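One structure coming up, written as structure tokens, with questions to follow.
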Amino acid sequence: MTEDLAPQYDPTAIEAPLYRKWRDEGRFHVEADAPGEPYVIQMPPPNVTAVLHAGHGLNNTIQDVLIRFHRMRGRKALWVPGTDHAGIATQNVVEKRLAQDGQSRFDLGREAFVEEVWTFVGETGGQILRQLEALGAACDWDRTYFTLDPGLSRAVREVFVTLHEQGLIYRGKYIINWCPRCLTALSNEEAEKEETEGRIWHLRYPLADGSGGIVVATTRPETMLGDMAVAVHPDDPRYQAMIGAELALPLTDRRIPVIADTAVEQDFGSGAVKVTPAHDPTDFEIGRRHGLEQLDIMTDDAHLNDTVPERFRGLDRFVARKQVVAEFEALGLLERVEPHRHAVGHCYRCGTIIEPRLSDQWFVRMAPLAEPALTAYREGALEFIPARQGEIYTNWLEQIRDWCISRQLWWGHRIPVWYCDADGCERTIVAREDPESCPGCSGTLRQDPDVLDTWFSSWLVPFSSLGWPEQTADLKAFYPGSALVTAPEILFFWVARMVMAGLHFQGEVPFQTIYLHGTVRDTQHRKMSKSLGNGIDPLEVIERYGADALRYTLVSGMAVGTDVILDPADIDSSFAPGRNFANKLWNIGRFLLGHLDADVPRLANVAPEELTAFDRWIIGRANAAIRQATTEYERHRLNDAAAAAYHFLWSDFADWYLEAAKPRLYGTTPDGRVARAVAAHLFDAALRLLHPVMPFITETLWLRLPHSDPTGALIASPWPIPFDVVDGTASRDVAAVQAIVGAIRGLRAEYGVAPGREVSATIVDASPAARQAISELGETIRRLAKLERITMQDTIPGEAGGTIVLEDGTSVIVPLGDLVDLDRECARLGDEAKKLEGLVRGLEAKLANPQFTSRAPAAVVEGEREKLEVWRHQVASLRQKRQALGCPG
RNA sequence: GGGCGAAUAGCUCAGCUGGUCAGAGCGCCUGCCUUACACGCAGGAUGUCGGGGGUUCAAGUCCCUCUUCGCCCACCA
């Protein structure tokens with residue numbers, strides 16, 4: 001039971017075997033019919049091709065902390081893991097591999113390519129889930145899902161068809177965000193807007209009759225080849241005469257009209273806008289209002305197509321831009337060029353500049369779904385951490401636009417829509433089950449070639465992962481979930497949409513708490529990324545310092561809503577907090593276990609009168625730590641919860657209690673047994689408090705403690721509750737001990753007393769607490785301060801000594817003979833007195849102010865009076881000491 | 001342009017309902033290998049709480065304003 005611990009803390013030796021033990025004992029699994037109130041977290045499913053990075057480390061640590069905490073609190077805790085098929089990302093990875101062999105997906109063809117992706121996923125996919133085991137993630141692996149699993153695919157299809165039936169899914173031709181590299185449409189969220197230093201070109205379009213012309217401003221000159229009109233504001237006095245006129249579109253032989261539309265801002269640019277209905281959302285709307293033709297001038301990969309004059313055909317869009325500008329310049333039609341800062345959309349997967357493009361796509365009507373999601377938040381069904389994220393959520397929902405869900409990819413959920421091409425039939429079938437043939441004409445059907453946005457399966461996870469559309473026991477037991485932990489980046493991609501889907505299909509929000517944590521960044525506050533090479537590999541950290549050190553460092557460095565800053569160039573000091581603390585814990589355990597035996601009495605069986613002041617004090621500190629850590633975990637302030645356990649263990653338990661209790665622990669006296677009982681029980685409780693953050697080391701130490709917990713594992717044992725012990729004057733007495741010991745240690749350091757040399761101390765004007773502390777705990781003081789003896793007396797000793805006056809007026813004097821420099825001591829006492837006199841004067845003035853004494857609460861005034869008394873007393877003592885030493889002045 | 005937020009010790013940040021709130025960790029300085037721990041022990045230094053106004057008996061804490069910085073959204077081409 002008190003089997004020896006390795007002298008050196010070696011996390012690699014304990015972590016992996018312990019994880020296996022937990023898993024083999026079924027500690028992570030929970031049945032639907034298990035007792036207790038459920039606590040459910042859905043892991044944000046990592047991409048199936050992902051490898052663990054620092055962000056995953058932080059994200060999953062937080063979830064694991066919450067799961068472990070709530071399990072210990074008696075909840076039926078379920079953490080559901082899974083992976084996302086990640087349409088574009090995964091397809092890109094496999095395409096890159098093919099490219100190494102000089103192949104493209106088109107060489108293979110759709111079926112073979114998809115087969116290839118499945119093979120790739122089968123061979124290398126999901127390794128991140130295995131890496132999470134090293135982190136200690138207590139997920140229920142029996143419920144691991146993949147978003148392309150048959151069950152989840154059924155859910156996707158059910159949702160698509162239902163929304164279609166409800167008129168919330170439609171197909172239409174609109175301007176969408178097109179990635180010319182991935183060759184697919186993207187949603188608005190997938191087009192990342194980046195402020196870019198660009199230019200704006202002012203181009204002159206001459207009137208068809210040759211009389212002057214009109215100047216338009218554009219950031220994308222190449223699109224002028226698709227212009228169908230120039231628009232001005234109907235009220236713009238400058239252009240009244242022009243409205244209705246015909247312009248000769250330069251570089252082409254086309255004629256376009258000048259039209260009036262209120263969408264035009266008179267103040268911007270020249271007040272005249274070229275209208276390209278097929279390549280700009282605003283222009284698209286203007287074009288619709290005026291019945292303009294939509295001329296798509298580009299190919300899928302953003303080269304100019306056959307609609308433009310021959311010399312431009314086949315040119316890349318940016319090459320074409322240069323050429324268009326050059327030709328305008330040659331014609332004398334380039335008025336001027338200005339620098340211009342504007343937001344340009346980039347593909348969130350490959351970074352390619354988005355091409356706004358007219359295209360036939362499927363959309364989800366979002367307004368009807370957003371409405372309940374807003375209401376739910378406003379009615380308090382959702383709690384954001386930090387709370388301000390709720391405003392961002394609201395802001396987004398209020399101006400939501402329809403969601404483009406079709407993707408021109410091959411890897412993903414195929415859209416469940418079939419078309420009948422038979423003449424005169426041309427039916428569209430949207431169905432849950434694959435139809436054999438056209439129900440209208442029995443003709444052959446052709447399935448829509450597109451797949452769905454990856455997020456169209458992700459937004460269903462809170463219920464699809466539990467078996468929906470089947471009404472499973474899991475669904476009943478574990479929906480809705482409790483918390484959702486993720487980075488703010490996917491608040492719109494995923495979190496808000498899950499809320500909508502949950503409300504729409506289950507009638508309830510999928511989780512109550514939305515915990516949005518910060519990002520792991522380097523010392524320059526840059527996001528860690530592969531391309532910048534500034535990443536920290538969590539697995540490397542785990543290998544070097546252990547998962548517990550990694551986890552503690554991440555949690556302690558993470559206040560709610562702030563980023564975690566780590567230095568990739570100095571892993572050693574970055575993870576020092578966790579590493580140091582884990583080592584400290586190990587050594588506390590080693591020391592304590594070395595002094596325990598199997599028959600340590602239960603604390604409940606120790607008579608109250610057997611407890612010393614230090615025992616009662618440390619129990620009080622433990623109770624405070626239990627209360628605080630519990631509250632902080634509940635409030636999701638994990639760093640504060642961890643700090644509560646940390647400070648209790650290190651500053652109170654190790655630094656003071658164990659140090660003070662050493663003689664008792666070394667011996668075999670009855671009070672030694674009491675100390676062992678106290679130490680064992682409080683250490684047990686503290687390990688419980690810390691277990692959510694540092695599961696491995698706490699479990700390892702806990703298993704070696706003598707106890708009779710029936711669960712047999714810390715991971716499954718109950719959360720600690722405060723001990724029922726009366727403090728009496730214990731905390732006051734120990735505080736006095738700490739003050740006296742601190743004063744003596746300070747004086748020793750001040751005068752360079754050799755560490756081994758014993759001195760004596762004289763206490764004058766002892767306060768009641770000091771008096772009691774010295775008479776009851778004098779031996780402890782003597783040992784902790786390395787004293788030969790400590791005495792109390794009424795008068796200041798004649799011998800020269802260092803003096804410190806404590807806050808309660810007690811004077812601690814250490815006679816040091818020759819070691820004391822009298823001048824220095826006089827100056828020190830004098831400075832101290834002066835400083836205090838200043839404070840006294842300030843406080844006297846404050847108390848003399850009737851405004852203060854009449855308006856401030858009585859307790860505050862009383863507190864200030866007491867403080868004044870103490871300070872006055874201190875000043876008097878200091879003066880007295882100076883006099884006794886014969887100080888000048 | 002709209003929304004949200006931040007400025008506290010060299011660094012990263014706490015300070016939650018205005019009155020022991022000027023703190024923690026890391027780093028730094030001094031002394032110690034005191035048989036649990038040098039990833040340690042003991043002691044120590046460092047802040048006009050971004051600037052300026054205001055409310056209050058009392059303000060890192062509330063309000064206004066300026067400066068600087070960050071995040072999200074956005075069809076001024």
Side-chain angles (χ1 to χ4, degrees), chain A residues 5 7-9 175 188 193 200 216-220 223 231 263-270 272-276 280-286 340 342-343 356 386 388-396 398-399 488-489 491-492 519 523 525 545 549 553 556-567 572-595 635 637 639-640 643 646-647 654-655 658-659 662 742 745-750 752-756 784 786 807 846 849-857 859-861 863-864 867:
Chain A
L5 289 167
Q8 275 300 313
Y9 166 57
I175 299 281
N188 296 321
K193 288 294 172 67
I200 188 159
V216 297
T218 179
T219 54
R220 305 180 55 216
T223 63
V264 180
E265 294 284 336
Q266 300 185 46
D267 304 335
F268 187 84
S270 60
V273 192
K274 57 189 276 307
V275 181
T276 320
D280 182 280
T282 311
D283 295 6
F284 173 78
E285 295 298 334
I286 294 175
H340 185 65
H342 60 137
R388 67 184 145 80
Q389 292 286 349
E391 296 309 306
I392 295 171
Y393 167 90
T394 302
N395 191 243
W396 183 73
E398 281 171 344
Q399 43 191 58
E489 286 105 276
L491 177 57
F492 310 136
T519 309
T523 48
H525 294 202
Y545 313 117
T553 302
S556 67
M558 176 211 63
V560 165
T562 64
D563 292 333
V564 179
I565 312 293
L566 296 171
D567 186 356
D572 204 54
S573 78
S574 285
F575 292 93
R579 183 204 54 186
N580 295 355
F581 186 39
N583 189 252
K584 184 71 180 181
L585 265 180
W586 189 260
N587 282 292
I588 292 172
R590 214 153 62 86
F591 171 73
L592 193 55
L593 291 167
H595 292 97
R635 297 204 302 162
R637 302 188 50 129
N639 57 328
D640 290 332
Y646 178 101
H647 285 117
D655 287 351
L658 291 182
E659 288 303 327
K662 270 179 178 172
R745 284 172 173 171
L747 288 169
R748 294 181 65 112
E750 170 99 17
V753 179
L784 294 179
K786 268 227 168 71
E807 283 186 14
K846 188 175 185 181
N849 180 1
Q851 296 282 14
F852 172 66
T853 47
S854 64
R855 298 204 189 188
V860 172
V861 176
E864 298 292 89
K867 202 155 64 179

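Quick caveat: nothing in here was measured; it's all calculated off a predicted structure. The chains referred to below are lettered A, B, ... by the order of the sequence lines, with proteins before strands, and numbering in each begins at 1.
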Can you check nucleotides 42-49 of chain B for protein contacts, nitrogen or oxygen pairs under 3.5 Å, and list what you find?
none

Calculate the interatomic distance between A/Leu658 atom CG and B/C41 atom C1'; express it in whole Å.
->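 Roughly 14 Å, once rounded to whole Å.
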Could you check whether A/Glu659 gets within reach of a base, just the sugar-phosphate, or nothing at all, counting any heavy atom under 4.0 Å?
->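 Contact class for A/Glu659: base.
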Protein-nucleotides 71-74 of chain B N/O pairs under 3.5 Å:
unit_1, atom_1, unit_2, atom_2, d
B/C73, O2', A/Gln399, NE2, 2.6
B/A74, OP1, A/Arg401, NH2, 3.2
B/A74, N6, A/Glu195, OE2, 3.2

Determine the contact category for A/Asp280: base if any of its heavy atoms lies under 4.0 Å from a base atom, sugar-phosphate if only primed atoms, P, OP1 or OP2 are that close, otherwise nothing.
->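 Nothing: the residue A/Asp280, judged by heavy atoms under 4.0 Å, touches no strand.
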Which residue, A/Val273 or A/Glu864, contacts RNA chain B at a nucleotide closer to its 5' end, judged by nearest heavy atom?
->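 Comparing both residues, the 5'-ward one is A/Glu864.
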Just one of A/Val275, A/Val273, A/Thr282 clears the side-chain contact (heavy atoms from CB on, under 4.5 Å) bar with A/Val264, so which one?
->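 Checked A/Val275, A/Val273, A/Thr282 against A/Val264; only one passes side-chain contact (heavy atoms from CB on, under 4.5 Å): A/Val273.
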Output all residues satisfying ring-ring contact (aromatic ring centres under 6.0 Å, His included) with A/Phe852, sequence neighbours left out; order by chain, then residue number.
->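 Per chain and number, A/Phe852 pairs via ring-ring contact (aromatic ring centres under 6.0 Å, His included) with no residue.
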Can you say whether the rings of A/Tyr9 and A/Trp586 are parallel (under 30°), tilted (30 to 60°) or perpendicular (over 60°)?
->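 Plane angle between 30° and 60°, so tilted.
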Under the side chain to side chain contact (heavy atoms under 4.5 Å, CB included) test, residues paired with A/Glu489 that sit two or more places apart |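 Listed in chain order: A/Ala487, A/Thr519, A/Lys527.
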Dot-bracket notation for RNA chain B is requested: 5' to 3', Watson-Crick or G-U wobble pairs only, both distances under 3.5 Å, with ( ), [ ], | and . as defined.
-> (((((((..((((.....[...)))).(((((.......))))).....(((((..]....))))))))))))....
Filtered N/O pairs between nucleotides 8-16 of chain B and protein, under 3.5 Å:
unit_1, atom_1, unit_2, atom_2, d
B/U12, OP1, A/His525, NE2, 3.3
B/G15, OP1, A/Arg637, NH2, 2.6
B/C16, O2, A/Arg635, NH1, 2.5
B/C16, O2, A/Arg635, NH2, 2.5
B/C16, N3, A/Arg635, NH2, 2.8

Between atom OH in A/Tyr646 and atom C1' in B/A24, what is the gap in whole Å?
->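 Rounded to the whole Å, the gap is 9 Å.
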Assign A/Arg590 to base, sugar-phosphate, or nothing according to its heavy-atom contacts below 4.0 angstrom with the strands shown.
->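 Contact class for A/Arg590: sugar-phosphate only.
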Under 4.0 Å between any heavy atoms, over every strand shown, what does A/Pro857 touch: base, sugar-phosphate, or nothing? Just pick one.
->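 The answer is base, as A/Pro857 lies within the cut-off (heavy atoms under 4.0 Å) of a base atom.
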Could one point to a donor on the side chain of A/Gln8 or the base of B/A36 with an acceptor on the other under 3.5 Å away?
->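 No, no donor-acceptor pair under 3.5 Å.
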Would you mind classifying the nucleic acid contact of A/Ala654 as base, sugar-phosphate or nothing, using non-hydrogen atoms under 4.0 angstrom?
->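 A/Ala654: base contact, heavy atoms under 4.0 Å.
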So, is A/Asn580 near the phosphate of B/C26, with a side-chain N or O under 4.0 Å from OP1 or OP2?
->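 Checking B/C26 against A/Asn580, a side-chain N or O does come within under 4.0 Å of OP1 or OP2.
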Listed nucleotide nearest any side-chain atom of A/Thr282, set B/C75, B/G19, B/C39 |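 Ranking B/C75, B/G19, B/C39 by closest atom to the A/Thr282 side chain puts B/C75 first.
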Which heavy atom of A/Gly269 sits nearest a heavy atom of A/Ala217, and at what distance?
->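 It is CA-CB, 4.3 Å.
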A/Pro577, nearest nucleotide to its side chain (from B/G25, B/C32, B/A77) =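 Closest nucleotide among those given: B/G25.
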Looking only at side-chain N and O atoms, does A/His595 come under 4.0 Å of OP1 or OP2 in B/A36?
->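 For B/A36, neither OP1 nor OP2 has a side-chain N or O of A/His595 closer than 4.0 Å.
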